Number of protein chains: 2
Amino acid sequence: MDCQRRFVLGWLCMNRKRLSDQALELIAARFRVLGEPMRLRLLIALEDGERNVTQLVDATQATQANVSRHLQTLTEAGILGRRKEGLNVFYYISDPSIFELCEGVCGSLQKRFGDQARAFGLRA
Amino acid sequence: MDCQRRFVLGWLCMNRKRLSDQALELIAARFRVLGEPMRLRLLIALEDGERNVTQLVDATQATQANVSRHLQTLTEAGILGRRKEGLNVFYYISDPSIFELCEGVCGSLQKRFGDQARAFGLRA
DNA sequence: TCCATATATGAGTGTATACTCATATAACAG
DNA sequence: CTGTTATATGAGTATACACTCATATATGGA
C-alpha cells in the first residue's frame, strides 16, 4: 500500500524533469476524460454490460453525434472497448478500475458535503 | 467494498434525474480539478508538508499569479487548506485521498502503457 | 443495385478556462 | 505614515473542447 504509493510518486517525481512532465500530462489527461458528466453518464450506462450506440443515445438523452464522440474519447483513453456486430457497434468497459476512481471521488465529496449529499437522496 | 460500490452507484443513478445531474456534475468537476498538470505538480509539492506560495512558485517554475490561481481552485475544491502566518500563506493537503486517485490513474496507465511506462524511467 | 439503418466525422460555434501582465490588498519593518 | 515583501485578483488573450448540423461511411435487406 505505502509501497505502491512510493512507487507511483517515484514515477511522478523523477529527476528528469522533461519526462516527468509527460507523465503528469498523461495523468492529467486521464482525469480530464473523466471530467465530463456526459462521459460519466455513459460509463454508468455501461457498468452492467455492453451497449450499442443507439442504446446509449437512449440512456443519455444526448444526440447520436455527441454520444459517438464521447465514446471515441473514452475508447482512445483505453477506458472502453469496441465490438462491431452487423450494423451495431457495442461498447464495453475495458478498464473497470475507473469505477474505483469514481468511488474515491464520491467518498471525498460525501465527506465534504455530508449534509448536502444526504439531501441529494443518498439513503438506500 | 462491493457494498460501498453499490452505495455510490445508488447515489449516482437515482431515479430523480435532476438531482442525479447535479451529482454527476459535482463528480466531474472534481475530476476536472485534477485534470491540470500544474495542479498535480502543486499537489505533489505539497505531499510532504505545507508550503507557502513562494516555495510553490519555486517548486513549479510557474508565475506567482498562476500558482495563486491554481491554489485557489484547489482550495475551493476542498483539496487544500490555507493558513496565514504573517506575510506568508501556507497551503496544505486537506484531502489526502487525492493521492489514492492519482495512484489509481497511474495503475491504469501503467497497465495500458506497460512498456512506455517502463521507458519513462519507472524503475526505482 | 438501391434503399434503410447504425455509426462516424468534418465544419462551425460557443463556452470554459489556463495563462500573463499589471495592479490591488495585506502585513510587517522602520 | 512610508516602503517592502507576499499574495490575490481584474482584465485580456489564446486554446481546448463540448455541442450541433449536415453528411459520409458501412452493413444488411429487398
Side-chain angles (χ1 to χ4, degrees), chain A residues 21-22 24-46 49-92 94, chain B residues 21-22 24-46 49-92 94:
Chain A
D21 286 352
Q22 288 182 17
L24 278 177
E25 174 48 39
L26 265 183
I27 295 165
R30 183 65 149 232
F31 279 124
R32 280 197 300 270
V33 169
L34 298 175
E36 279 300 311
M38 247 325 279
R39 285 197 280 269
L40 294 181
R41 217 182 299 282
L42 288 168
L43 292 175
I44 292 168
L46 288 167
E50 64 176 15
R51 297 277 187 275
N52 67 31
V53 178
T54 303
Q55 289 173 319
L56 292 170
V57 168
D58 291 348
T60 57
Q61 312 267 40
T63 63
Q64 178 266 318
N66 201 23
V67 167
S68 273
R69 282 211 202 286
H70 284 303
L71 290 171
Q72 185 183 22
T73 300
L74 289 163
T75 305
E76 282 168 358
I79 295 171
L80 297 186
R82 245 178 76 105
R83 182 177 70 80
K84 290 192 73 166
E85 183 181 298
L87 275 180
N88 300 302
V89 176
F90 286 86
Y91 286 87
Y92 54 89
S94 70
Chain B
D21 285 352
Q22 289 182 17
L24 279 177
E25 174 49 38
L26 265 184
I27 296 166
R30 181 66 147 230
F31 280 125
R32 278 197 301 271
V33 169
L34 298 174
E36 279 300 314
M38 247 322 280
R39 285 197 281 268
L40 294 181
R41 217 182 300 281
L42 287 167
L43 292 175
I44 291 167
L46 287 168
E50 63 176 15
R51 297 278 186 275
N52 66 31
V53 178
T54 304
Q55 290 172 320
L56 291 170
V57 168
D58 291 348
T60 58
Q61 311 267 40
T63 63
Q64 179 267 317
N66 201 24
V67 167
S68 274
R69 287 233 141 74
H70 284 303
L71 290 172
Q72 184 183 21
T73 300
L74 289 163
T75 304
E76 282 168 359
I79 295 170
L80 296 186
R82 244 177 78 103
R83 182 177 71 80
K84 290 193 72 165
E85 184 180 300
L87 276 178
N88 299 302
V89 177
F90 286 86
Y91 286 87
Y92 54 90
S94 70

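Note that this is a predicted model, so its numbers are computed, not measured. Here is how names work: the chains are called A, B, and so on, in the same order as the sequence lines, proteins then strands, and each is numbered from 1.
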Which atoms form the tightest heavy-atom contact between [X] and [Y], and what is the distance?
X: A:Leu71; Y: A:Val53; answer: CD1-CG2, 4.0 Å
X: B:Tyr92; Y: B:Arg82; answer: CE2-N, 3.5 Å
X: A:Met38; Y: A:Val67; answer: CE-CG2, 4.2 Å
X: B:Arg32; Y: B:Arg39; answer: O-NH2, 3.5 Å

Can you tell me if the side-chain N/O atoms of [X] get under 4.0 Å from OP1 or OP2 in [N]?
X: B:His70; N: C:dC19; value: yes
X: B:Arg39; N: C:dT17; value: no
X: B:Asn88; N: D:dT7; value: yes
X: A:Tyr91; N: C:dA8; value: yes
X: B:Lys84; N: C:dA27; value: yes
X: A:Thr54; N: C:dT7; value: yes

TODO: Would you please say whether a donor-acceptor pair under 3.5 Å links the side chains of B:Gln64 and B:Ser68?
DONE: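 Side-chain D/A pair, B:Gln64 to B:Ser68: present.
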TODO: Find which nucleotide of DNA chain D each of B:Ser68 and A:Arg32 is nearest to by heavy atoms, and output the residue with the more 5' nucleotide.
DONE: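 Whichever sits nearer the 5' end wins; that is B:Ser68.
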Nearest-Å distance, [atom1] ([X]) to [atom2] ([N])?
X: B:Leu74; N: C:dT17; atom1: CG; atom2: P; value: 14 Å
X: A:Phe90; N: C:dA6; atom1: CZ; atom2: C1'; value: 11 Å
X: A:Arg41; N: D:dA18; atom1: CZ; atom2: P; value: 14 Å
X: A:Leu34; N: D:dA18; atom1: CG; atom2: P; value: 12 Å
X: A:Leu71; N: C:dT9; atom1: CG; atom2: P; value: 11 Å
X: A:Phe31; N: C:dA18; atom1: CZ; atom2: C1'; value: 19 Å
X: B:Asn66; N: D:dT15; atom1: CG; atom2: P; value: 16 Å
X: B:Gln61; N: C:dA18; atom1: CD; atom2: C1'; value: 18 Å

- [ ] Confirm from the modelled atom types if B:Arg69 and C:dT20 form a donor-acceptor pair under 3.5 Å, side chain to base only.
- [x]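 Answer yes: a donor N or O sits under 3.5 Å from an acceptor.
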Task: B:Gln64 (side chain) and D:dA6 (base): donor-acceptor pair under 3.5 Å - done: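 Looking at the base of D:dA6, it does not pair with any donor or acceptor on the side chain of B:Gln64 (distance under 3.5 Å).
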Open item on the list: Please pick, from D:dA6, C:dC21, D:dC19, the nucleotide with the shortest atom-to-atom distance to any side-chain atom of B:Leu87.
Closed with: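 Of the options given, the side chain of B:Leu87 lies nearest D:dA6.
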